[in-house]
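Report on the structure given below.
Letters go in sequence order (proteins before strands), and every chain restarts at 1.
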2 protein chains.
Amino acid sequence: MTTTLHFKRGELYSFITGQASTAIARRLQKKFNHASLNLTIEQWSVLYHLWKTDGISQQDLCNATFRDKPSITRLVDNLERLELVKRVPSDKDRRVNHIFLTDYGRSLRDKSMSIAEDTLNEALVGVPADKIETCKQVLQIVYNNLK
Amino acid sequence: MTTTLHFKRGELYSFITGQASTAIARRLQKKFNHASLNLTIEQWSVLYHLWKTDGISQQDLCNATFRDKPSITRLVDNLERLELVKRVPSDKDRRVNHIFLTDYGRSLRDKSMSIAEDTLNEALVGVPADKIETCKQVLQIVYNNLK
DNA sequence: TTTATATAGTTGTATAACTAACAATTGCAT
DNA sequence: ATGCAATTGTTAGTTATACAACTATATAAA
């Protein structure tokens, strides 16, 4: 008897391709569009961290969103074009940009978070709370194992 | 007392962004590169279904991989350029392309599947088998709820 | 048979991701 | 003070995804 896991073929596909999270993201995007929220999920995920802590650096956003620097550069480019955020060069370290929400960016918080909660609740219909908890734990361990 | 779930803010982020599956896909891509397998994860996911059933149509691949038609058109374009698959027009229905593996495409199966299994086993280190089972069930329900 | 509708696949456009290479700035060690 | 390494952010090139519009073919209804 051993605890070594051998994943059976045929069971690994959906884990690797992340079908569940893809489905969640698509549903959320559809709801954003339907609500005339002109936002991609990726842009929303950046705003999400700024709503928690406004004025963090691009590198902070890289760490928080699990993205690399070029991805954040372009996301911030697009968010600036949409007038949702503004780059402000740091006084103390001239390599650093601080990213600040505009009033408009701040204004999208409640509506979009509410839509995100609705989406997750739709996704989890029929799933008992204790199983959700277990699932979250497993995904957290996976993330820690690999990050 | 009600069973209605209200997802707490702060808990939804990693679910929606699919951090765990992103981490798995990145690790797998790194392993492919390191093994000189010149394949993207998305290309691998198409080959995965052809290894199970060779000669299916592009529309079949759309359904199997949960992608839309333009995505499959371009993935097949790239797989053809890599000489991993070949489009063969159907005799019975001239709208349809059947996608067939080349010898080269067939040859990548065992190595890449073995790498994928290794990756998943690394991802799941420290997770008891019964929790993995619960997690798979939850993700399957989520997928069914939204697809 | 003609017309309408559905299906299979392609193309154009926008956004996003990864890699690699790069510029500018900072900080530290001599 | 000088020089080297580390950090922050940008740019270029390739691949992938979503949506909309399109072509060609097939199917079904009138």
Side-chain angles (χ1 to χ4, degrees), chain A residues 17-19 21-34 37-47 56-82 84-85 87-99, chain B residues 17-19 21-34 37-47 56-82 84-85 87-99:
Chain A
T17 57
Q19 287 193 332
S21 60
T22 302
I24 292 173
R26 277 187 204 165
R27 175 66 62 92
L28 179 56
Q29 183 69 66
K30 283 215 170 70
K31 282 180 181 287
F32 277 179
N33 297 344
H34 192 261
L37 268 180
N38 185 24
L39 264 190
T40 68
I41 304 309
E42 294 81 4
Q43 291 165 359
W44 175 84
S45 79
V46 171
L47 295 178
I56 60 181
S57 72
Q58 296 190 198
Q59 183 59 52
D60 293 334
L61 285 172
C62 292
N63 302 334
T65 66
F66 196 42
R67 290 183 168 85
D68 64 2
K69 287 193 277 194
S71 297
I72 291 297
T73 293
R74 260 112 192 194
L75 277 170
V76 172
D77 286 348
N78 287 335
L79 288 168
E80 253 190 333
R81 261 195 295 125
L82 292 167
L84 291 162
V85 307
R87 279 180 172 92
V88 178
S90 168
D91 294 338
K92 316 205 163 179
D93 185 337
R94 297 200 310 183
R95 296 169 301 182
V96 171
N97 291 331
H98 295 288
I99 311 302
Chain B
T17 57
Q19 288 193 333
S21 60
T22 302
I24 292 174
R26 276 187 205 165
R27 174 66 61 94
L28 179 56
Q29 183 70 66
K30 283 216 170 71
K31 283 179 179 289
F32 277 178
N33 297 344
H34 192 262
L37 269 180
N38 185 23
L39 265 190
T40 68
I41 304 309
E42 294 82 2
Q43 291 165 359
W44 174 85
S45 80
V46 171
L47 295 179
I56 60 180
S57 71
Q58 296 189 199
Q59 183 58 51
D60 292 334
L61 285 172
C62 292
N63 301 334
T65 66
F66 196 41
R67 291 183 168 85
D68 65 0
K69 288 193 277 193
S71 296
I72 291 297
T73 292
R74 269 125 190 182
L75 278 170
V76 172
D77 286 349
N78 287 335
L79 288 168
E80 251 189 336
R81 260 194 298 125
L82 292 167
L84 292 163
V85 306
R87 281 181 172 91
V88 177
S90 168
D91 294 337
K92 317 205 162 176
D93 185 336
R94 299 199 310 181
R95 295 169 301 182
V96 171
N97 290 332
H98 295 287
I99 310 301

My understanding is that only residues two or more places apart in sequence, or in another chain, count here; which of them pass side chain to side chain donor-acceptor pair (under 3.5 Å) with [X]?
X       : result
A:Thr22 : none
B:Lys31 : B:Glu122
A:Asn38 : none
A:Thr65 : none

Please list, chain by chain and in numerical order, all residues satisfying side chain to side chain contact (heavy atoms under 4.5 Å, CB included) with [X], sequence neighbours excluded.
X       : value
A:Gln59 : A:Ser57, A:Cys62, A:Asn63, A:Lys69
A:Asp68 : A:Pro70, A:Ser71
B:Ala23 : A:Phe66, A:Tyr143, A:Leu146

Subject >> Span of DNA chain C in contact with chain A (heavy atoms, under 4.0 Å) >> reply: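 Under 4.0 Å from chain A, the extent on DNA chain C is C:dT15 to C:dT26.
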Taking any heavy-atom pair under 4.0 Å as a contact, classify [X]: base, sugar-phosphate, or nothing.
X       : answer
B:Ile72 : nothing
A:Asp68 : base
B:Gln29 : nothing

Nearest-Å distance, [atom1] ([X]) to [atom2] ([N])?
X       : N      : atom1 : atom2 : result
B:Leu39 : D:dT14 : CG    : P     : 19 Å
A:Ile56 : D:dG9  : CD1   : C1'   : 15 Å
A:His98 : D:dT8  : NE2   : P     : 12 Å
B:Asn78 : D:dT14 : CG    : C1'   : 9 Å
A:Lys92 : D:dT8  : NZ    : P     : 16 Å
A:Arg74 : D:dT14 : CZ    : P     : 13 Å
B:Leu37 : D:dT15 : CG    : P     : 16 Å

Quick check on [N]: is either OP1 or OP2 less than 4.0 Å from any side-chain nitrogen or oxygen of [X]?
X       : N      : answer
A:Asn97 : D:dT10 : yes
A:Gln58 : D:dT7  : no
B:Thr40 : D:dA16 : yes
B:Arg67 : D:dT17 : yes

Original post:
Can you find an N or O donor on one side and an acceptor on the other, under 3.5 Å apart, linking the side chain of B:Arg94 with the base of D:dT25?
Top reply: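 Result: no qualifying N/O pair found.
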Distances under 3.5 Å between protein N/O atoms and the N/O atoms of nucleotides 20-23 of chain D, please, pair by pair.
none

Subject >> Sub-4.5 Å side-chain heavy-atom contact between B:Val85 and B:Val46 >> reply: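 Counting from C-beta outward, B:Val85 and B:Val46 never come under 4.5 Å.
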Original post:
Do B:Ile56 and B:His98 pass the side chain to side chain contact (heavy atoms under 4.5 Å, CB included) test, and can you show the C-alpha distance, the side-chain angles, and the key distance before you say yes or no?
Top reply: CA-CA 5 Å; B:Ile56 60 180; B:His98 295 287; over 6 Å; no
Subject >> Residue whose nearest DNA chain C nucleotide is more 5′ - A:Leu75 or B:Asn33 >> reply: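 The residue mapped nearer the 5' terminus is A:Leu75.
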**OP:** For A:Gln43 and for B:Lys69, find the nucleotide of DNA chain C with the closest heavy atom, then tell me which residue's nucleotide is more 5'.
**Re:**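 In this pair, the answer is B:Lys69.
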**OP:** Between D:dT15, D:dA26, D:dT17, spot the one nearest the side chain of B:Ser71, thanks.
**Re:**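 Selected nucleotide (nearest to the side chain): D:dT17.
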Original post:
Considering all heavy atoms of both residues, which atom of A:Gln29 and which atom of A:Ile41 are nearest to each other, and what is their separation?
Top reply: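 Closest approach of A:Gln29 to A:Ile41: OE1-N, 3.2 Å.
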